[in-house]
Amino acid sequence: MSNVTLDGNPIEVSGKFPTPGDNAAPFTLTNSGLEEVKLENWAGKRKILNIIPSIDTGVCAASTRKFNEKAGGLDNTVVLVISADLPFAAGRFCGAEGIKDVETLSTFRNYSFQQDYGVAIQSGPLAGLCSRAVIVLDESNKVLHSELVSEIKNEPDYDAALKVL
């Protein structure tokens with residue numbers, strides 16, 4: 001169990017958070033078209049997993065915009081924005097913001113992702129949502145970079161995540 005904070009107050013996050021060198025766990029999530037997609041859908045591509053509590057918060061929206069801007073045009077790379085939000089909300093946000101270089105995915109049908117990736121918030125007002133994290137995978141799904149953001153209201157270290165690509 002990992003501990004992160006929300007406004008300086010500790011909250012529990014369960015599951016095993018991956019570290020560089022690990023092989024990423026397979027997953028099934030729901031895309032904006034309500035289709036089930038698996039990690040293998042992006043086989044042979046580098047992947048940035050931008051894991052967020054909810055697209056409807058300022059920091060989550062900012063990280064989605066920044067990864068769209070900084071990584072959306074990278075060769076052989078996909079940015080996956082993963083949250084417990086319904087696919088409708090994520091799609092509406094991206095449409096309103098003109099964000100086209102990220103794919104939004106939801107854990108709402110597949111809660112096991114949160115446990116498998118060590119981002120399942122267990123306590124506090126955000127219990128049931130994903131903790132803020134960034135995981136970068138290579139073409140073979142090996143973890144190159146991982147950051148479980150210690151204070152949920154802080155943005156991740158974009159430069160560290162992009163540097164490994």
Side-chain angles (χ1 to χ4, degrees), residues 1-4 13-55 59-85 87 90-91 93-94 97-121 129-152 154-165:
M1 182 132 346
S2 300
N3 287 310
V4 298
V13 177
S14 67
K16 181 190 177 302
F17 189 69
T19 58
D22 289 349
N23 290 317
F27 62 71
T28 301
L29 296 169
T30 306
N31 70 13
S32 60
L34 298 177
E35 301 162 320
E36 300 294 304
V37 294
K38 299 177 180 296
L39 177 59
E40 63 199 46
N41 285 55
W42 298 279
K45 290 187 178 253
R46 302 178 302 176
K47 292 152 283 283
I48 299 172
L49 310 182
N50 180 32
I51 304 166
I52 60 174
S54 175
I55 198 77
V59 176
C60 297
S63 72
T64 300
R65 284 185 204 102
K66 281 211 177 133
F67 276 120
N68 178 69
E69 172 192 327
K70 292 178 175 265
L74 294 176
D75 287 338
N76 199 39
T77 303
V78 62
V79 178
L80 305 175
V81 178
I82 301 168
S83 72
D85 288 321
F93 171 82
C94 288
E97 295 280 328
I99 294 174
K100 299 180 193 286
D101 292 327
V102 304
E103 296 189 43
T104 56
L105 302 173
S106 177
T107 66
F108 90 107
R109 287 187 189 147
N110 302 95
Y111 184 74
S112 62
F113 171 88
Q114 294 184 21
Q115 285 293 325
D116 294 345
Y117 279 77
V119 295
I121 298 176
L129 299 179
C130 298
S131 188
R132 184 176 319 287
V134 175
I135 301 168
V136 180
L137 308 176
D138 72 6
E139 296 87 346
S140 301
N141 298 327
K142 182 177 174 182
V143 177
L144 300 175
H145 168 82
S146 62
E147 177 191 10
L148 182 61
V149 179
S150 61
E151 167 57 53
I152 289 181
N154 291 343
E155 291 184 54
D157 185 343
Y158 302 105
D159 293 335
L162 295 170
K163 182 178 170 183
V164 299
L165 297 172

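Since this is a predicted model, take the numbers as computed values, not measurements. Heads up: numbering here begins at 1 and tracks the sequence.
- Tyr111 and Ala120 make their closest contact through OH-CB, 3.5 Å (heavy atoms, listed as atom of the first residue, atom of the second, distance).
- For Ser63, the side-chain hydrogen bond (donor to acceptor under 3.5 Å, both in side chains) test picks out Asn50, with sequence neighbours left out.
- Note on residues 67-76: no pairs pass side-chain hydrogen bond (donor to acceptor under 3.5 Å, both in side chains), not counting sequence neighbours.
- Remark: Thr107 pairs with Gln114 by the side-chain hydrogen bond (donor to acceptor under 3.5 Å, both in side chains) rule, at least two apart or across chains.
- Rounding to the nearest 0.5 angstrom, the gap separating the CD1 atom in Ile51 from the OH atom in Tyr117 is 7.5 Å.
- Asp116 pairs by the side chain to side chain contact (heavy atoms under 4.5 Å, CB included) definition with Ala25, Ser112, not counting sequence neighbours.
- Inter-residue side-chain proximity for Ile135 and Phe17 is flagged as met; some heavy-atom pair is nearer than 4.5 Å.
- The salt bridge (Lys or Arg N to Asp or Glu O under 4.0 Å) pairs that include a residue from residues 14-29 are Lys16-Asp22, where partners are two or more places apart or lie in different chains.
- Ser146 meets the side-chain hydrogen bond (donor to acceptor under 3.5 Å, both in side chains) test with no other residue; sequence neighbours excluded.
- Distance check, rounded to the nearest 0.5 Å: CG of Leu74 to CD1 of Ile48 gives 6.0 Å.
- Of the possible donor and acceptor atoms, none in the side chain of Ser32 sits under 3.5 Å from a partner among the backbone N and O of Pro87.
- Leu165 places a side-chain heavy atom less than 4.5 Å from the side chain of Thr77.
- In this structure, Val81 and Phe67 have side chains that are not in contact, with every pair of non-hydrogen atoms separated by 4.5 Å or more.
- Applying the salt bridge (Lys or Arg N to Asp or Glu O under 4.0 Å) definition to pairs two or more places apart or across chains, those involving residues 106-115 are Glu36-Arg109.
- At a threshold of 4.5 Å between non-hydrogen side-chain atoms, the residues Leu137 and Leu39 count as touching.
- Among residues at least two apart or in separate chains, there is no salt bridge (Lys or Arg N to Asp or Glu O under 4.0 Å) pair with a member in residues 130-148.
- Scanning all heavy atoms of the two residues, the minimum distance from Val136 to Ala161 falls at CG2-O, 3.6 Å.
- Thr28 pairs by the side-chain hydrogen bond (donor to acceptor under 3.5 Å, both in side chains) definition with Lys38, not counting sequence neighbours.
- Here Ile52 contributes atom CD1 and Thr64 contributes atom OG1; the two are 4.0 Å apart, rounded to the nearest 0.5 Å.
- In this view, Val37 and Asn31, Asn41, Trp42, Leu105 satisfy the side chain to side chain contact (heavy atoms under 4.5 Å, CB included) rule, not counting sequence neighbours.
- Residues that satisfy the salt bridge (Lys or Arg N to Asp or Glu O under 4.0 Å) test with Lys66, not counting sequence neighbours, are Glu155.
- Checked against side chain to side chain contact (heavy atoms under 4.5 Å, CB included), Ser131 has the following partners two or more places apart in sequence or in another chain: Val4, Val13, Val119, Ile121, Leu148, Ile152.
- Considering only heavy atoms from C-beta on, Leu80 stays 4.5 Å or farther from Val102 through its side chain.
- At a threshold of 4.5 Å between non-hydrogen side-chain atoms, the residues Asn110 and Phe27 do not count as touching.
- With Val149 as the partner, the side chain to side chain contact (heavy atoms under 4.5 Å, CB included) test is satisfied by one option alone out of Asn154, Val59, Asp157: Asn154.
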